[in-house]
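Here's the structure we're looking at; comments come further down.
Indexing begins at 1, ligand by ligand and atom by atom, following the structure's order.
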Amino acid sequence: MTNDQPSIVVVGSVNLDIVATADRLPAPGETVTGAELNRFPGGKGANQALAARRLGARVSLVACVGDDPEADAALALLNEGDVDLAASVMHPSAPTGVALIAVSPDGENHIVVAPGANRELSASHIALPEAEGLICQLEVELPALEHAINVFEGFICINLAPALYVPDVFFREADLLVVNESEARFYSDALLTSDAMVARTLGADGAELLTRGKVISRAEAPVVETVDTTGAGDTFTAALTLALIEGQHSEQALRFACAAGAVATTKSGAQPSLPLRADVEQLL
Ligand code: RIB
């Protein structure tokens, strides 16, 4: 890591993703067999941390894992990728978070998360390293996030995923809120109360940036061969935050984030598919 790289701290989840790739996703109550099984490091916090790192930021992750072999597997690519884990903690009895993910051939997924140790991250664990940007998502306990948001001085991005009721301070203190289409419907008018820029992702149709409900930029997603969309939203969130911290114009930053998200859909697994900066620049 070099000191001239922008610095980002991520407060969020670490999961081990157990991924079954099947011919199709099951309907409620249905069993689909014949799937191929893989384990990948995941969790929205960890994915966003590694995505920001691979795209060129210095990154620290504040997270909580269990004292178990799943933690080693879940942290492997963060360690390899030089994400700073000094501010993360290990819980003595709660298990590392696990996500059960079913993926279809067109890359769509169903995800169920057993949060385990992610639920144990508390405000008392949050010793935020100094950084230019903070990124949070909603897979850890809200009081821990609220504390981080209140004490952090710098650019704050909150990825409101998965959709949950959050304290007003999240809307008040954020500089950037990231939602997908269903999250945008869930938060609806609450997004209009915020002065933050809102990024709404539209899957293969790209994304738009809004302030107070008014679209200020739109970007198409480059056409790629999609294998697995897991982690694409995390990549988008990290890329947009980094680009805005770097001072890119909102339109250019949105194009960069859409391209980064698109590259992340071209390989299986959340973290193995996170792009390097050069991959994104080549696609642009
Ligand atoms: O956003 C994708 C992530 O959501 C997966 O890696 C899974 O762990 C869940 O947290």
Side-chain angles (χ1 to χ4, degrees), residues 10-21 25 37-54 61-66 68 70-78 81 83 88 94-104 107-121 135-142 144-145 157-164 177-183 186 199-201 203 207 226-241 257 260-275:
V10 177
V11 178
S13 57
V14 171
N15 293 329
L16 183 62
D17 292 352
I18 312 290
V19 181
T21 307
L25 297 177
L37 195 69
N38 283 293
R39 287 164 25 126
F40 297 112
K44 293 185 194 305
N47 297 345
Q48 293 177 16
L50 187 61
R53 176 74 196 122
R54 287 197 182 159
L61 174 64
V62 182
C64 184
V65 295
D68 50 27
E70 285 73 22
D72 298 336
L75 298 175
L77 293 182
L78 294 167
V83 170
S88 286
T96 296
V98 170
L100 301 179
I101 306 183
V103 179
S104 66
E108 288 308 319
N109 60 37
H110 282 171
I111 305 182
V112 177
V113 176
N118 292 304
R119 279 260 165 88
E120 305 297 331
L121 189 72
I135 306 181
C136 308
Q137 338 68 36
L138 308 183
E139 284 188 329
V140 296
E141 294 297 283
L142 295 180
L145 296 177
C157 167
I158 306 175
N159 175 206
L160 291 166
L164 288 178
L177 295 166
V178 180
V179 286
N180 65 18
E181 288 168 280
S182 66
E183 290 148 7
F186 176 88
R200 191 164 77 104
T201 58
T226 298
V227 172
D228 179 0
T229 55
T230 313
D234 298 328
T235 308
F236 174 92
T237 300
L240 185 58
T241 304
V263 181
T265 69
T266 59
K267 286 190 204 147
S268 285
Q271 290 181 26
S273 68
L274 301 176

Looking only at protein heavy atoms, which one is nearest to atom 4 (O) of ligand 1, and how far off is it?
Lys44 NZ, 3.3 Å
Show your reasoning for whether side-chain contact (heavy atoms from CB on, under 4.5 Å) applies to Lys267 and Val227.
CA-CA 6 Å; Lys267 286 190 204 147; Val227 172; 5.8 Å; no
Please check: side-chain N/O of Asn15 versus main-chain N/O of Asp17, any donor-acceptor pairing under 3.5 Å?
no
At a 4.0 Å cut-off, with the gap strictly under it, does some heavy atom of Gly233 reach an atom of ligand 1?
no
Can you see whether Glu139 engages Ser13 through a side-chain donor-acceptor pair at a distance of less than 3.5 angstrom?
yes
Among all protein heavy atoms in this structure, tell me which lies nearest to atom 7 (C) of ligand 1, with the distance rounded to 0.1 Å.
Asp17 OD1, 3.3 Å
Quick one: which ligand 1 atoms are inside 4.0 Å of a heavy atom on Ala99?
7 (C), 8 (O)
Min N/O separation Thr230 to ligand 1 under 3.5 Å:
no
For the student: nearest non-hydrogen atoms of Asn47 and Pro41, plus distance
OD1-O, 4.1 Å
Specify the protein heavy atom at minimum distance from atom 10 (O) of ligand 1: its residue, its atom name, and the distance to 0.1 Å.
Glu139 OE2, 2.7 Å
Please confirm whether the backbone N or O of Gly66 pairs with a side-chain atom of Thr96, one donor and one acceptor, at under 3.5 Å?
yes
Looking only at N/O atoms, are Ile111 and ligand 1 under 3.5 Å apart anywhere?
no
Ser88 side chain to Leu61 backbone, donor-acceptor under 3.5 Å:
yes
One finds that the ligand 1 atoms under 4.0 Å from a non-hydrogen atom of Gly42 are 6 (O), 8 (O)
Among all protein non-hydrogen atoms, which one is nearest to atom 3 (C) of ligand 1, and what is the separation to 0.1 Å?
Asn47 ND2, 3.7 Å
Is a side-chain donor or acceptor of Thr229 paired with a backbone partner of Gly107 at a separation under 3.5 angstrom?
yes
Going by the atom numbers of ligand 1, which of them fall below 4.0 Å from some non-hydrogen atom of Ala270?
6 (O)
re atom 2 (C) of ligand 1, the protein heavy-atom contact at minimum distance is Asp234 OD2, 3.3 Å
Is the backbone of Gly261 close enough, under 3.5 Å, to the side chain of Thr235 for a donor and an acceptor to pair up by distance?
no
Between ligand 1 and Ser13, is the shortest N or O to N or O distance under 3.5 Å?
no
